[in-house]
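Here the structure is a predicted model, which means the values were calculated and not measured. Atoms considered below: every heavy atom in the structure, side chains included; atoms not considered: hydrogens, waters and symmetry mates. Protein chains get the first letters and strands the later ones, always in sequence-line order, with residue 1 at the start of each.
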Amino acid sequence: MTAIDAIKGTRDILPEEVGYWQWIESVAREILNRAAYQEIRTPIFEQTDLFARGIGEATDVVGKEMYTFIDKGDRSVTLRPEGTAGVVRAYIENGLHVKGSLQRLWYVGPMFRYENVQAGRQRQFHQLGCEVLGSADPRADVEVIALAIDILTTLGLKDLRLDLNSVGTPDDRQQYREALVNYLTPYKEDLDPDSKIRLTRNPMRILDSKNPETRKIVQDAPKIWDHLAPESRKRFEQVQQQLTDLGIGFTLNPCLVRGLDYYTHTAFEIVAETGLGAQNAVGGGGRYDGLVTELGGPETPAVGWAMGLERLLLLLQQLASAPAIDLDFYVVSRGGKAEPQALQLAQKLRKQGFAVDLDLTASAFGKQFKRADRSGAAACLILGDDEAVNGTVQLKWLGSGEQESMPQANLLEKAAVLRDRIQNLNSKR
RNA sequence: GCGAGCGUAGCCAAGUGGUUAAGGCAGCGGAUUGUGGUUCCGCCACUCGGGGGUUCGAAUCCCCUCGUUCGCCCCA
């Protein structure tokens with residue numbers, strides 16, 4: 001039989017790595033819960049139309065990156081390429097807008113895009129995201145950004161840059177688009193091929209081109225800031241002021257254009273200065289006041305972001321080793337009477353909150369000790385048939401080699417003392 | 001979708017046309033049948049991602065294919 005491999009662009013998260021994931025999730029959960037955000041879990045696949053409408057037919061995500069298939073009921077379904085559309089669908093469908101004037105939500109889970117794989121990019125990847133639905137207040141934009149920064153700094157990440165821009169209202173953009181096209185048209189022949197096409201399709205995308213020639217031209221292009229209506233401009237200034245008041249540094253980046261159609265006003269991206277490859281954005285988001293109506297809901301201003309967890313992980317792995325659970329006891333046993341007792345003892349200790357590994361091999365004691373040693377446990381519990389008959393157990397501290405015999409019942413009664421001693425040992429490590 | 005590099009054991013690898021495919025780590029067994037960390041010994045690839053071809057002979061050369069890595073596009 002030939003072995004079957006995981007699908008291209010997917011990978012296993014193995015036990016040695018899973019500690020990072022649990023760490024990221026627990027930090028995010030705590031910070032978001034503390035800010036009164038509630039977790040929401042939506043389906044991993046949805047009607048294809050949801051994404052086509054929500055994200056925009058013209059975008060690459062919809063146009064060429066969706067995992068779409070026809071199910072047995074002849075429905076076109078798509079594995080979600082991002083989280084916001086599903087959250088907004090759930091918000092409308094479940095009438096969350098009438099349950100409270102404002103919803104603060106967060107989510108974490110796998111997303112799917114049919115793309116070619118490279119550093120920090122897979123076909124199944126994971127995003128953590130949060131959304132505030134029902135507030136147009138600039139403070140919502142700032143709150144959301146501040147929480148993203150909190151999560152990242154709590155995880156110990158440094159050298160991150162917050163890029164900030166405003167893409168205004170659809171009207172603002174309309175005006176700006178004209179100005180931009182007017183500026184770029186004379187340079188048409190000097191633009192890279194992709195940007196040439198964008199000139200008619202989606203001129204703002206030319207702003208974030210990586211092509212050096214194009215960048216040079218773009219440098220002197222008109223800035224959207226000069227085409228924002230007074231209201232939009234005021235809003236943008238408020239966001240900047242409030243970020244500053246919170247001590248959050250940012251870089252104004254007039255070329256930051258989000259890929260998805262529904263964004264309005266605030267757009268931001270959190271970029272890793274070092275440590276990632278070409279795909280260096282760890283998170284991005286912004287305001288999307290138009291999306292809820294686009295998906296058939298009532299007019300609802302909203303703002304949110306998403307972070308790519310694989311990218312976060314790449315950065316974390318360069319900084320720190322994965323947090324692991326310290327093992328308290330390794331139980332060694334041999335003999336017909338002792339082996340079942342060892343299992344019982346292990347279970348009793350686990351119920352008292354100890355982390356206990358039970359050696360299942362029944363091999364020579366010497367071998368079991370070798371494994372006990374490697375397990376990193378603070379202490380080893382030894383049960384042979386002598387102990388089994390007497391109802392005793394040997395407790396051996398693996399660091400010092402100190403060993404004592406005691407009735408099994410005593411061991412359980414001394415739980416508090418043992419816990420202190422183990423904690424003491426672990427803190428010295 | 002496009003471009004380039006790379007696929008030898010669970011991991012890291014040597015080998016670049018000629019008899020049995022180095023070595024290290026990990027694992028397993030033994031020296032040590034109830035006491036670990038050291039040491040020593042043994043075992044662990046009929047086969048080099050897969051398929052086809054060239055050749056007396058292929059891990060090694062050629063073609064295709066799959067995977068992987070990095071990049072383009074785009075995005076988290």
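Using a 4.0 Å cut-off between a side-chain N of Lys or Arg and a carboxylate O of Asp or Glu, A:R215 and A:E213 do not qualify as a salt bridge. Using a cut-off of 4.0 Å between Lys/Arg side-chain N and Asp/Glu carboxylate O, A:K337 and A:D385 are scored as not salt-bridged. Salt bridge annotation for A:R89-A:E93: present, with a cationic side-chain nitrogen under 4.0 angstrom from a carboxylate oxygen. For A:E115 and A:K8, the salt-bridge test fails: no basic side-chain N is under 4.0 Å from an acidic carboxylate O. Looking at A:R53 and A:D49, no side-chain N of the basic residue comes within less than 4.0 Å of a carboxylate O on the acidic one, giving no salt bridge.
The side chain of A:Y114 lies closest to B:G1, out of B:G1, B:U39, B:G34. Comparing B:A76, B:U35, B:C72 against the side chain of A:I382 picks out B:U35 as the nearest. Candidate nucleotides B:A76, B:G36, B:G71 were compared by shortest atom distance to the side chain of A:L398, and B:G36 ranks first. Checking B:G34, B:A76, B:C72 against every side-chain atom of A:Q127, the shortest atom distance belongs to B:A76. Among the nucleotides B:C70, B:C73, B:G37, the one closest to any side-chain atom of A:R121 is B:C73. Closest approach to the A:D194 side chain among B:C73, B:G37, B:U69 is made by B:C73 (side chain taken as heavy atoms from C-beta onward). Between B:C72, B:A76, B:U35, one nucleotide has an atom nearer to the side chain of A:N116 than all others, and that is B:C72.
Nearest approach of A:M66 to A:P81, heavy atoms of both residues: SD-CG, 4.3 Å.
Relative to the ring axis of A:Y114, A:R123 places its NZ or CZ within 45° and under 6.0 Å from the centre.
Look at the P atom in both B:U54 and B:C62: the space between them is 15 Å, to the nearest Å. Nucleotides B:C46 and B:C11 place their P atoms 15 Å apart, quoted to the nearest Å. Between the P atoms of B:C44 and B:G10, the separation comes to 14 Å (whole Å). Nucleotides B:G57 and B:C66 are separated by 29 Å at their P atoms, to the nearest Å. Between the P atoms of B:U19 and B:A59, the separation comes to 10 Å (whole Å). Rounded to the nearest Å, the gap between the C1' atom of B:A21 and that of B:C48 is 8 Å. Going from the C1' atom of B:U33 to that of B:G7 covers 46 Å, rounded to whole Å. Comparing B:C61 with B:G42, their C1' atoms are spaced 39 Å from each other, to the whole Å.
Across all strands shown, A:E310 has no heavy atoms under 4.0 Å from either base or sugar-phosphate atoms. Heavy atoms of A:D5 sit nowhere under 4.0 angstrom from any nucleic acid atom. Among the atoms of the strands shown, none is found under 4.0 Å from any heavy atom of A:Q368. Counting non-hydrogen atoms under 4.0 angstrom, A:A281 reaches the backbone sugars and phosphates but no base. Among the heavy atoms of the strands, none lies under 4.0 Å from A:A372. Looking at heavy-atom distances under 4.0 Å, A:I270 makes no contact with the nucleic acid at all. A:G401 comes within contact range of at least one nucleobase, with a heavy-atom separation under 4.0 Å. Within the nucleic acid shown, A:K367 comes within 4.0 Å of at least one base atom, counting heavy atoms only. Among the atoms of the strands shown, base atoms are found under 4.0 Å from some heavy atom of A:D373. Among the atoms of the strands shown, none is found under 4.0 Å from any heavy atom of A:G285.
Judged by Watson-Crick or G-U wobble contacts below 3.5 Å, the nucleotide B:U54 has no partner. Base pairing analysis places B:G15 opposite B:U8; the two distances defining the Watson-Crick or G-U wobble pair are each below 3.5 Å. Pairing partner, B:G37: none, since no Watson-Crick or wobble contact has both distances short of 3.5 Å. In this structure, B:C43 and B:G27 make a Watson-Crick or G-U wobble pair, each of the two defining distances being under 3.5 angstrom. Under the Watson-Crick or G-U wobble criterion, with both distances below 3.5 Å, B:C72 is paired with B:G1.
The ring of A:F365 does not lie on top of the base of B:U35; it is either too far (5.5 Å or more) or too tilted (30° or more).
Because its glycosidic torsion is more than 90° from 0, B:C12 is reported here as anti.
Toward the 5′ end of RNA chain B lies the nearest nucleotide of A:G399, the other residue of the pair A:G283 and A:G399 mapping further downstream. Where A:Q394 and A:N280 each meet RNA chain B at their nearest nucleotide, the meeting point lying more 5' is that of A:Q394.
For the pair A:R311 and A:F125, the minimum side-chain heavy-atom distance is 4.5 Å or more.
Residue A:Q118 places at least one side-chain N or O closer than 4.0 Å to OP1 or OP2 of B:C72. Look at A:R371 and you'll find a side-chain N or O under 4.0 angstrom from OP1 or OP2 of B:C28. Taking side-chain N and O atoms only, A:R374 has a distance below 4.0 Å to OP1 or OP2 of B:G27. Regarding contacts with the backbone of B:A76, every side-chain N or O of A:R311 stays at 4.0 angstrom or more from both OP1 and OP2.
No hydrogens or angles were tested; on distance alone, nothing pairs the side chain of A:K370 with the base of B:G37 as donor and acceptor under 3.5 Å. Donor-acceptor pairing under 3.5 Å, judged by distance alone, is present between the side chain of A:K64 and the base of B:C73.
In this structure, A:E387 places its CD atom 11 Å from C1' of B:U35, rounding to the nearest Å.
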